[in-house]
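Keep in mind the model is a prediction, meaning the values are calculated, not measured. Excluded from the calculations below are hydrogen atoms, water molecules and symmetry mates; all remaining heavy atoms, backbone and side chain alike, are included.
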Amino acid sequence: MRMRTFVTASGLLLLAAGSAVAADHCEGRKPYLIYYATHAIAEPVWETVRKGAEQGALDNCLEIKWTQDQTFSIETTINRMETAITEKPDLLVITATDPTAMRPTIEKAKAAGIPMIAINSLDSAPKDKRVPYLIGIGADLYQSGVAAAKEVLKKNPNVKHGVVPNHVPGHAGLEAMAKGFNDTLIAAGAKSETIALSTDTAQIAATIDNYFLANPDTDAVFCMNAGPFCFETVLDVERKAGISKKVANVSFDISPTLLDAVASDEAVAGIDQLMYLQGYLPAVIGRNYLDYGMLPDADIITGPAIIDKSNLDKVKHRVMEAGLN
C-alpha cells in the first residue's frame, strides 16, 4: 500500500492514503487532520511512536502532521503547540509533560475548539482538575518505577542501595517514575535516591563513575532511558569497573543494548510502555470521536510491561525485525 505525501510550507510531512485499496477504504470519509505536537525528540523510541502515528492515520483515513525537537525542551514543545493551534487541526495530540507550564496553551486550544489527546506523559491530577485533554494514552509512570524496583527485589531481596539517574530533571513523568522506584526500595529496607544528569554522555559517564566511587555499596540502578542518556552509558561505566553483573540494572524503554544485557545477565529486566500504541491509538480514538462524538470512558494505560528472559526472543524480533523500539 502506497502513501501520498504532502510537504507543507514549513517543510513538515503530511501523509494520506494513496492506493486504490486505500481510496476504497476512505471513500466518503472526511480526511481530518491529526497534528502531533508532543515533546518528541530525535531518538529511536519516538521514531516508533511516529511509525504508529503514521500507520494509524493511514488506517483511519486521516492526514497527519508530525513535529518534534532535536533535544528535549518544554519551551520549544509549547512553541510547537502554539503553532499547532494557529493551524487549526481537527485533533491535537500532546504530552502533558509539565501541566502547570502547558496549561495556558492547552486551555487556549480548548477555547479554539480543538479536541486533544495526551500521550506518553499524562497529568496525574484528578480528571476534573487536570489540563483539559479528552483522554490519555500512556504508561502509569509511578507504577513503572514500582515494577522496576520489584524486578530488582526478585533478583536481590536484600538490596542495599539503589539509584535513579534522571537525564531530564523537572520532567514530571520521570520524577514520578523515579519516586515509584525509590519508594518501593525504601519500603523494602534499602537506601534509594535520584541523581540529576544531563544529556551530555561524557558528563553522564563522569557523574556515574564518581557516584559508584563515592557509594561502593550501590547494587541497583534504574535508568529511565535505554539509550546513551542513561543505560548504555551506565553499562559501559559498570563494565569498565567490572561490576556490570554485580549491580541489578533495570531500564525503562527498549534498546538493542538493553536486550543484549538482559540476555547476558547484566540487566535484570526492561520496563516497556508500548510506544507504538501511543502513536497509533490516538488516530483510532480520534477518528471515532470526530465521526461520532464518542470516547472510551477512561485513560488507556500502556504499561508497565516487563521484558525479561521469558519473552526476550519475541521482543528482540519486535525491535530487530520490525524496528519498533
The side-chain hydrogen bond (donor to acceptor under 3.5 Å, both in side chains) partners of R239 (sequence neighbours excluded) come to E266
Would you say the side-chain atoms of E75 and N79 include a donor-acceptor pair closer than 3.5 Å?
-> no
Taking every non-hydrogen atom, the tightest pair across A220 and V159 = CB-CG2, 3.8 Å
Between the CG atom in D217 and the CG atom in N215, the distance rounded to the nearest 0.5 Å is 6.0 Å
Chi angles and distances behind the side-chain contact (heavy atoms from CB on, under 4.5 Å) call for L197, F229 = CA-CA 8 Å; L197 298 179; F229 298 153; over 6 Å; no
Sequence neighbours excluded, which residues qualify as ring pair (Phe, Tyr, Trp, His ring centres under 6.0 Å) partners of H171?
-> H39, F72
Show your reasoning for whether side-chain contact (heavy atoms from CB on, under 4.5 Å) applies to K160 and T218.
-> CA-CA 7 Å; K160 295 177 182 177; T218 302; over 6 Å; no
With sequence neighbours left out, which residue pairs that include part of residues 89-103 fulfil the salt bridge (Lys or Arg N to Asp or Glu O under 4.0 Å) condition?
-> R103-E107
Give a yes or no on this: more than 12 heavy atoms of other residues, nucleotides or ligands lie within 6.0 Å of atom NZ of K127.
-> yes
Will you find, in the side chains of E175 and N166, an N or O donor that is under 3.5 Å from an N or O acceptor?
-> no
Presence of salt bridge, K309 and D265, under 4.0 angstrom | yes
Starting at CD1 of I106, measure out to CD1 of I94 and round the result to the nearest 0.5 Å.
-> 3.5 Å
When hydrophobic residues are tied together by side-chain contacts of less than 4.5 Å, even through go-betweens, does L92 share a cluster with Y32?
-> yes
Donor-acceptor side-chain pairing of S255 and T257 below 3.5 angstrom = no
Which of these, T233, T201, N225, sits in a side-chain contact (heavy atoms from CB on, under 4.5 Å) with H167?
-> N225
Take the angle between the ring planes of Y211 and H161 and call it parallel below 30°, perpendicular above 60°, tilted in between.
-> perpendicular
Can you find a heavy atom in the side chain of P304 that is under 4.5 Å from one in the side chain of F252?
-> no
Between CG on residue D291 and NZ on residue K30, distance to nearest 0.5 Å = 10.0 Å
Going hydrophobic residue to hydrophobic residue with side-chain gaps under 4.5 angstrom, can you get from L274 over to Y280?
-> yes
dist L258:CG -> D272:CG (nearest 0.5 Å) comes out at 9.5 Å
With side-chain contact (heavy atoms from CB on, under 4.5 Å) as the test, would you mind laying out the steps for W46 and M275 before giving the verdict?
-> CA-CA 8 Å; W46 281 102; M275 296 290 274; 4.2 Å; yes
Taking everything shown except D297 itself, do over 12 heavy atoms lie less than 6.0 Å from its CG?
-> no
Flag side-chain contact, heavy atom, 4.5 Å: I285 against I137 | yes
Report, one line per pair, each donor and acceptor closer than 3.5 Å where one atom sits in a side chain of residues 181-189; sequence neighbours left out.
residue: N182; atom: OD1; partner: S192; partner atom: OG; Å: 2.6
residue: N182; atom: OD1; partner: E193; partner atom: N; Å: 3.4
residue: N182; atom: ND2; partner: A178; partner atom: O; Å: 3.3
residue: N182; atom: ND2; partner: T194; partner atom: OG1; Å: 2.9
residue: D183; atom: OD2; partner: Y142; partner atom: OH; Å: 2.8
residue: D183; atom: OD2; partner: K179; partner atom: NZ; Å: 2.8
residue: T184; atom: OG1; partner: G180; partner atom: O; Å: 2.7

Hydrophobic cluster (4.5 angstrom, side-chain heavy atoms) - remaining members for L213 = none
Going from SG on C230 to CG on D253, what distance comes out if it is rounded to the nearest 0.5 angstrom?
-> 11.5 Å
Which pairs, with at least one residue in residues 182-205 and sequence neighbours excluded, count as a ring pair (Phe, Tyr, Trp, His ring centres under 6.0 Å)?
-> none
Roughly how far, to the nearest 0.5 Å, is CD1 of I78 from OG of S73?
-> 8.5 Å
Return yes if some donor-acceptor pair links the side-chain N/O of N60 with the main-chain N/O of G56 below 3.5 Å, else return no.
-> yes
For D123 and Y133, test the side chains for any donor-to-acceptor distance below 3.5 angstrom and give the result as yes or no.
-> no
Using the side-chain contact (heavy atoms from CB on, under 4.5 Å) rule, take D299 and L122 through it: C-alpha gap first, then chi angles, then the decisive distance, then the call.
-> CA-CA 9 Å; D299 291 345; L122 311 184; 4.3 Å; yes
Taking atom types as modelled and ignoring hydrogens, do the side chains of T302 and Q278 form a donor-acceptor contact shorter than 3.5 angstrom?
-> yes
Identified side-chain contact (heavy atoms from CB on, under 4.5 Å) partner of V250 from the options I307, V164, V221, I271 = I271
Heavy-atom nearest pair, L141 first then N120, reads CD1-O, 4.1 Å
Measure from the side-chain N and O atoms of D140 to the backbone N and O of Q143, and report whether any donor-acceptor pair falls under 3.5 Å.
-> yes
In plain terms, say whether R80 and D69 are close enough for a salt bridge, that is, a side-chain N and a carboxylate O under 4.0 Å apart.
-> yes
Is V93 reachable from L281 through a run of hydrophobic residues whose side-chain heavy atoms are each under 4.5 Å from the next?
-> yes
Looking only at side chains, do D200 and S198 share a donor and an acceptor under 3.5 Å apart?
-> no
For the pair K108 and E82, find out whether any cationic side-chain nitrogen is under 4.0 Å from an anionic carboxylate oxygen.
-> yes
Picking from E238, K155, E151, what satisfies side chain to side chain donor-acceptor pair (under 3.5 Å) with N249?
-> E238
So do I208 and P165 actually touch side chain to side chain, heavy atoms under 4.5 Å?
-> yes
Is there a chain of hydrophobic side chains (I, L, V, M, F, W, Y, each step under 4.5 Å between heavy atoms) that links I301 to V49?
-> no
Where the side chain of R130 meets the backbone of S124, is there a donor-acceptor pair that is under 3.5 Å apart?
-> no
